[in-house]
Chemist: 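This is the structure, below, for whatever I ask next.
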Amino acid sequence: MLQLNYLREQTAEAKSRLNKRNPNFASVVDEVLALDEKARAAKKEMETNQAEANVIAKQIGELMKNGKREEAEALKQQTSQLKADAKLLEDKSKQLDEELFAKLVTLPNTPNEIVPEGKTPEENVTVYQYGDLPALDKAALPHWDLITNYNLIDFELGTKITGAGFPVYRGKGARMQRGLVNFFLDEAMKAGYEEIVPPFLVNAESGFGTGQLPDKEGQMYHAQVDDLYLIPTAEVPITNIYRDVILKEEELPIKNVGYSPCFRREAGSWGAHVRGLNRLHQFEKVEIVQIATPEQSYQLLDEMVKHVQSLLEKLELPYRILRLCGGDMGFTSALTYDFETYSAAQQRWLEVSSTSNFESFQANRLKCRYKNKEGKNHLVHTLNGSALALPRILATILENNQTPNGIKVPKALIPYVGFDMIS
RNA sequence: GGAGAGUUGGCAGAGUGGUCGAUUGCGGCAGUCUUGAAAACUGUUGUCUGUCAUAGGACCGGGGGUUCGAAUCCCUCACUCUCCGCCA
């Protein structure tokens, strides 16, 4: 949620930044500001009324104390009009507040200056590319064939137990999965992140805090009896640790890492290129989260990008980094870098990480602030990134490392899985 | 699941209708004393909103109600604790 102060004081800048997403937002900003003015006026009226009533109530208290019953009764008569007004003024103010809020939450975050213009993924900018694209021979198989041949993952079994998109990993497939999770967690720990095991279901407040609700309601599984949501990413529970919290400036930046399964309904997004591990309803991911001051946040974003790079390089995977354009960026993000690995048999780039700075957009919803050295509270900046999402990493490893004799395990992973070859 | 007791400021813990935004203790901060520190003493110490600045408004788990006036009374929801039951 954008800060009203910012919209009021830097209207032109806010509009021009939002423009990168969609020019229609400029008029929404105007509507928000108009509502804001109305709501503030209504509130003032209500408070003036309240102040008068408070004065009289105090006087009555004084009179009662001194035994001046009759004078007190006389004063009570005076309050009837104030009381009637109070009800109306309060309702009006509340209603305007609600309208304002409903409008405000429809505005996405303002893109950073360096975010490229553009509407579609084609307009994302590749800022870095690493590694040679492996040249596989013609007999090379896509991962969905490899996992069957080597009995690593059983999709049909998952379909039987649950439904499409819930694979069953087994044997060396399961071992790869666990090894990757441990590898990613260890690497994050070495980089100074505190490990968190969060709840995998969250309440609606948490869903709102990080921006999944009300915007992406349909994306999450909802356990309706208990009104809880299965997390689409560990970002949600971990970032919500800091909801309604005032931190000390010295505590920042806070670095957390957490593993979790991620549940995504992906309604309506099934199609030709979601075969195999490319898109699932349940997948595993290790997520890094940082809570920072505005001064720190962009430097930390770079640090996170470097961390993700080091993971991919240790796994010997060719990758590229994209700076997302305004139209492709998530609702809550101010700047996002996507990481894609090259899946050689599919001859496709697969997104394996999305690393973003949300500036104060989530913090405003979370009410997560820090007290600076002067004792003033400011909203923190929040950041997060996948480090990394497992299924596509596994797909890439399987495809790129296949040989006639089996699949070679990347060196860094061997200690984590206990074998160097899947055959 | 059954029965009971609670939820107050960073923490502990008073407060049952009117100068309570809230006694007190601890902690924190500042000062006195000291070469320095501790102790002791003194002062200070929540958040949001609002104003150029004052003033004003709101917040005692959440929501609603009664009242001129609610931390205090009523309703409702959530959570915590204790005992019993069940259970990985």
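What you are looking at is a predicted structure, and each value in this text was computed from that prediction instead of being measured. All chains are named by letter (A, B, ...) in the order of the sequence lines, taking the proteins before the strands, and each is independently numbered beginning at 1.
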Chemist: Between A:Ala53 and A:Asn5, name the one whose nearest nucleotide on RNA chain B is closer to the 5' end.
Modeler: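 Going by which nucleotide is closer to the 5' end, it is A:Asn5.
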Chemist: Answer yes or no: does atom CD of A:Glu313 have more than 12 heavy-atom neighbours from other residues, nucleotides or ligands under 6.0 Å?
Modeler: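 Buried by this count: over 12 neighbours within 6.0 Å.
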Chemist: Establish, yes or no, whether a centroid distance under 6.0 Å links the rings of A:Tyr298 and A:His381.
Modeler: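 No.
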Chemist: With rounding to the closest Å, how many angstrom separate the P atoms on B:rG6 and B:rC75?
Modeler: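 The answer is 15 Å between these two P atoms.
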Chemist: For B:rG13 versus B:rG27, give the span between their C1' atoms, rounded off to a whole number of Å.
Modeler: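 After rounding to an integer number of Å, I get 14 Å for this pair.
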Chemist: Measure up the A:Tyr370 and A:His378 rings against each other and bin them: parallel (under 30°), tilted (30 to 60°), perpendicular (over 60°).
Modeler: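 Because their plane-to-plane angle lies in the 30° to 60° range, the rings of A:Tyr370 and A:His378 count as tilted.
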Chemist: Suppose you measure atom C1' in B:rA22 against the same atom in B:rU47; what distance do you get, rounded to whole Å?
Modeler: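 After rounding to an integer number of Å, I get 15 Å for this pair.
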Chemist: Anything under 30° is parallel, anything over 60° is perpendicular, the rest tilted; go ahead and classify A:Phe263 against A:Tyr221.
Modeler: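 It falls in the perpendicular class, over 60°.
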Chemist: Stem finding on RNA chain B, please: runs of three or more consecutive Watson-Crick or G-U wobble pairs, both distances under 3.5 Å, sorted by first number.
Modeler: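 So far as stems of 3 or more pairs are concerned, RNA chain B shows B:1-7 with B:78-84, B:10-12 with B:24-26, B:27-32 with B:40-45, B:46-49 with B:56-59, B:61-65 with B:73-77.
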Chemist: Roughly how many Å apart are B:rC59 and B:rU19, using the P atom of each and rounding to a whole number?
Modeler: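 To the nearest whole Å, 14 Å.
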Chemist: Judged by each residue's nearest nucleotide on RNA chain B, which is more toward the 5′ side, A:Met46 or A:Ile60?
Modeler: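 Result of the comparison: A:Met46.
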Chemist: Ignoring hydrogens and angles, tell me if any N or O in the side chain of A:Lys76 forms a donor-acceptor pair with the backbone of A:Ala57 under 3.5 Å.
Modeler: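 Answer holds: no.
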Chemist: For a quick check of understanding: with a heavy-atom distance under 4.0 Å over all strands, which category does A:Lys94 fall into, base, sugar-phosphate or nothing?
Modeler: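 Sugar-phosphate, no base atom in range.
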Chemist: If I pick the P atom on B:rA12 and the same atom on B:rU66, what distance separates them, to the nearest angstrom?
Modeler: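 So the two P atoms sit 35 Å from each other.
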Chemist: Would you call A:Asp186 and A:Lys190 a salt bridge, using N to O less than 4.0 angstrom?
Modeler: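 Salt bridge flag = no for A:Lys190 with A:Asp186.
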Chemist: Quantified in whole Å, what is the P atom distance between nucleotide B:rU44 and nucleotide B:rU23?
Modeler: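 12 Å, rounded to whole Å.
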Chemist: In terms of ring plane angle, is the pair A:Tyr319 and A:Phe339 parallel, tilted or perpendicular, where the classes change at 30° and 60°?
Modeler: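 Aromatic pair A:Tyr319/A:Phe339 classed tilted.
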Chemist: Contact class for A:Gln59 (heavy atom, under 4.0 Å): base, sugar-phosphate, or nothing?
Modeler: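 The residue A:Gln59 makes no contact with any strand.
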Chemist: What class does the angle between the rings of A:Tyr259 and A:Phe200 fall in, given that below 30° is parallel, 30 to 60° is tilted and above 60° is perpendicular?
Modeler: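 Taking A:Phe200 first and then A:Tyr259, their aromatic rings stand perpendicular (interplane angle over 60°).
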Chemist: Using the C1' atom as the point on both nucleotides, what is the distance between B:rC26 and B:rA78, in whole Å?
Modeler: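 Pairwise C1' distance, B:rA78 against B:rC26, rounds to 30 Å.
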Chemist: What range of RNA chain B does chain A touch, first nucleotide to last, counting atoms under 4.0 Å from its heavy atoms?
Modeler: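 It runs B:rG18 to B:rG69.
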Chemist: How long is the span from the CG atom in A:Leu366 to the OG1 atom in A:Thr239, to the nearest 0.5 Å?
Modeler: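 So the gap between those two atoms works out to 7.0 Å.
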Chemist: What is the nucleic acid contact for A:Lys367, judged by heavy atoms within less than 4.0 Å: base, sugar-phosphate only, or nothing?
Modeler: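 Nothing, no nucleic acid heavy atom in range.
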Chemist: For A:Lys371, answer base if it contacts any base atom (sugar-phosphate contacts may also be present), sugar-phosphate if it contacts only those atoms, and nothing otherwise; contact means non-hydrogen atoms under 4.0 Å.
Modeler: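 Sugar-phosphate contact only.
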Chemist: Could you work out the separation of B:rA5 and B:rU76 based on their P atoms and round it to a whole Å?
Modeler: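 Roughly 15 Å separates the two P atoms.
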